[in-house]
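Have a look at the structure below before the remarks.
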Protein chains: 2
Amino acid sequence: MKFISLESPSPTDCFKIIDTGIRKRALIILLACCQATYEGRARSRLGFGERMILIKPDGSFLIHQDRKLDPVNWQPPKSRSKVSMKNGVVFLESVRRIPQEHLKVELKEVHLVSYYQCQDAQELEVCGHEKDMGELIWKHPELIEKGFRPTVREYSTSKGFIDILGKDSKGQLMILELKSRKAGTNAVKQLKRYLNDFKDDKKEVRGILVAPSITEDALELLEENNLEFKSLEPPNELKNEKKITLDLF
Amino acid sequence: MKFISLESPSPTDCFKIIDTGIRKRALIILLACCQATYEGRARSRLGFGERMILIKPDGSFLIHQDRKLDPVNWQPPKSRSKVSMKNGVVFLESVRRIPQEHLKVELKEVHLVSYYQCQDAQELEVCGHEKDMGELIWKHPELIEKGFRPTVREYSTSKGFIDILGKDSKGQLMILELKSRKAGTNAVKQLKRYLNDFKDDKKEVRGILVAPSITEDALELLEENNLEFKSLEPPNELKNEKKITLDLF
DNA sequence: GAGTGCATCTCGCTC
DNA sequence: GAGCGAGGTGCACTC
């Protein structure tokens, strides 16, 4: 059976379905009143409440409350899930080896138990990251300014990697720090550090923060340090753009 | 009805259940073959595949594939969810106002649709954070060393906030940088920056990195800069410790 | 509402 | 496996 779902199951049935689901490497869904304790990188305890529990074929384990985007408790992929029954009560356990992490769940009342052997080979296609920005600038350096010639990407320094290194039309060295969203003071400080490294060489260097926008504090700090800001939106174009709009709407 | 669940529903039934679920501010669960496009802070497209969709009463919207901990697509709390039907096909839409973000989902085949008005007032109790460490040191400064007297927490500098500032038994200034997990080179660099700020004052200052452990690179960098490392585990004690173990096992 | 920094961050990459 | 950095980070907290 590829898919099974049972409302208000007995503890025995609930146990059986979960156990089968784990062995079949299916996606398991539970709606239940439960409590949970976690021990590992930190420690936590969650009292009884009604939640959704999700166990994935890759070992991921999630407990979702009725609010927030993040699960309230979880275990990462490759964790080992187990189900057990003691005195008519069903327990779930998920263990990660390295680092040692334990999640234990007690199910008090199960409203729905279900497993589903799903098929999904699709990968998400995204655009609009810092990496995309780097590629865009590399291909179209004039977006930064006329005469800009990028020379190195991911240039390694003692302070970290410089996103893009290049020269302006006058041959002056330029250090570019890219951010795909609004840049804060931290981005400026980072850029400043790269420049300090280069200034030891007694050369004149320009530092440019490239981002769609910048906070007021950051702009102030930037100007204090004679650094520059260049507004640039990250590229916004998927591979099969036309296909999408046709397929969906 | 507080809870409803329907296997392989017709598009019309599926639409009705989701629509009711949204109006009742229930937790909605879907198992379905779907595709999704997202536009907002970035842009993404996901082809057809079998997934679990979760819509929470607070507006959170999650699409989970059969792998990974993170949803492949999502919308944050307070987003507005809508369901619609066109030519016998059910569509989901979730919109966020600020920043503008759109998630559109087309359901091709629904295996399970369900909503559930759940009750969960419980908050998660956690311990083992950096904040806990700060409190621990503040109360038990001798954990750092005999004679250590902390004076300020979250001391603001141009380089950021110093976790703990204090003096040793000889009255020498100490800067403490706390990390709740293994400290890397970045933690050392951060500490170094705080010290540089203070050295301008021509005072002798000790810099101490406090963490459960440290990477080899970081330790090397630390010693090069005459900084110190103090191994300290973040506190690991919940409020009602005894109660937990009794309740669960 | 915007800005800042932690997180059981997760995840992908490189070494 | 460990370390490092980006993320549609999320989230709480401050201003």
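Just so we're on the same page: letters track the sequence lines, and every chain starts at 1.
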What is the distance, rounded to the nearest whole Å, between atom [atom1] of [X] and atom [atom2] of [N]?
X: B:L178; N: C:dC6; atom1: CG; atom2: C1'; result: 12 Å
X: A:R45; N: C:dT8; atom1: CZ; atom2: P; result: 18 Å
X: B:D163; N: C:dT4; atom1: CG; atom2: P; result: 17 Å
X: A:L69; N: D:dG8; atom1: CG; atom2: P; result: 13 Å
X: B:Q75; N: D:dG8; atom1: CD; atom2: C1'; result: 9 Å
X: A:N236; N: D:dG8; atom1: CG; atom2: C1'; result: 11 Å
X: A:E216; N: C:dA2; atom1: CD; atom2: C1'; result: 10 Å
X: B:D58; N: D:dG10; atom1: CG; atom2: C1'; result: 13 Å

query: In this structure, which one of B:R51, B:E106, B:K108 forms a side chain to side chain donor-acceptor pair (under 3.5 Å) with B:Q35?
result: B:E106
Does atom [atom1] of [X] have more than 12 heavy-atom neighbours from other groups under 6.0 Å away?
X: A:Y155; atom1: OH; value: no
X: A:E216; atom1: CD; value: no
X: A:K159; atom1: NZ; value: yes
X: B:K131; atom1: NZ; value: no

task: Kindly confirm whether the side-chain ring of B:Y38 is stacked on the base of D:dG8, judged by centres under 5.5 Å and planes under 30°.
output: yes
Please state whether the phosphate of [N], meaning OP1 or OP2, lies under 4.0 angstrom from any side-chain nitrogen or oxygen of [X].
X: A:H102; N: C:dT8; result: no
X: A:R181; N: D:dT9; result: yes
X: B:S180; N: C:dA7; result: yes
X: B:R96; N: D:dG8; result: no
X: B:T185; N: D:dC4; result: yes
X: A:N186; N: C:dG5; result: yes

- request: Evaluate the criterion side-chain hydrogen bond (donor to acceptor under 3.5 Å, both in side chains) for residue pair A:Q119 and B:E50; output intermediate values, then yes/no.
  value: CA-CA 6 Å; A:Q119 303 263 324; B:E50 298 183 309; 5.8 Å; no
Of the options [options], whose atoms approach the side-chain atoms of [X] most closely?
X: B:K182; options: D:dG10, D:dG3, C:dT8; value: D:dG3
X: B:V126; options: D:dG8, D:dC4, C:dT8; value: C:dT8
X: A:W74; options: C:dT10, C:dA7, D:dG8; value: C:dT10
X: B:R41; options: C:dG5, D:dT9, C:dT8; value: D:dT9

query: Quick one: which of A:T215, A:L227, A:N186, A:T185 gives a side chain to side chain contact (heavy atoms under 4.5 Å, CB included) with A:L221?
result: A:T185
Sugar-phosphate only, base, or nothing, as touched by [X] at under 4.0 Å among non-hydrogen atoms:
X: A:P99; answer: nothing
X: B:G184; answer: sugar-phosphate
X: A:E130; answer: sugar-phosphate

field: Residue whose nearest DNA chain C nucleotide is more 5′ - A:E101 or A:P77
entry: A:E101
field: Any side-chain donor near an acceptor of the partner, B:Q75 and B:R80, under 3.5 Å
entry: no
Pick out the pairs of N or O atoms, protein on one side and nucleotides 12-14 of chain D on the other, that lie under 3.5 Å.
unit_1 : atom_1 : unit_2 : atom_2 : d
D:dA12 : OP1    : A:K68  : NZ     : 2.8

task: Please state the P separation for the pair D:dC4 and D:dG8 - nearest whole angstrom.
output: 23 Å
task: Rounded to whole angstrom, note down the P distance from C:dC11 over to D:dC11.
output: 15 Å
task: Give the C-alpha distance, both sets of side-chain angles, the deciding distance and a yes or no for salt bridge (charged side-chain N to carboxylate O under 4.0 Å, His left out) between B:E123 and A:R67.
output: CA-CA 11 Å; B:E123 295 291 331; A:R67 50 193 183 267; 3.5 Å; yes
- request: Determine whether any donor atom in the side chain of A:N73 lies under 3.5 Å from an acceptor atom in the base of C:dT8, or the reverse, and answer yes or no.
  value: yes
query: Does the base of D:dG3 carry an N or O that pairs as donor and acceptor with the side chain of B:D217 under 3.5 Å?
result: no
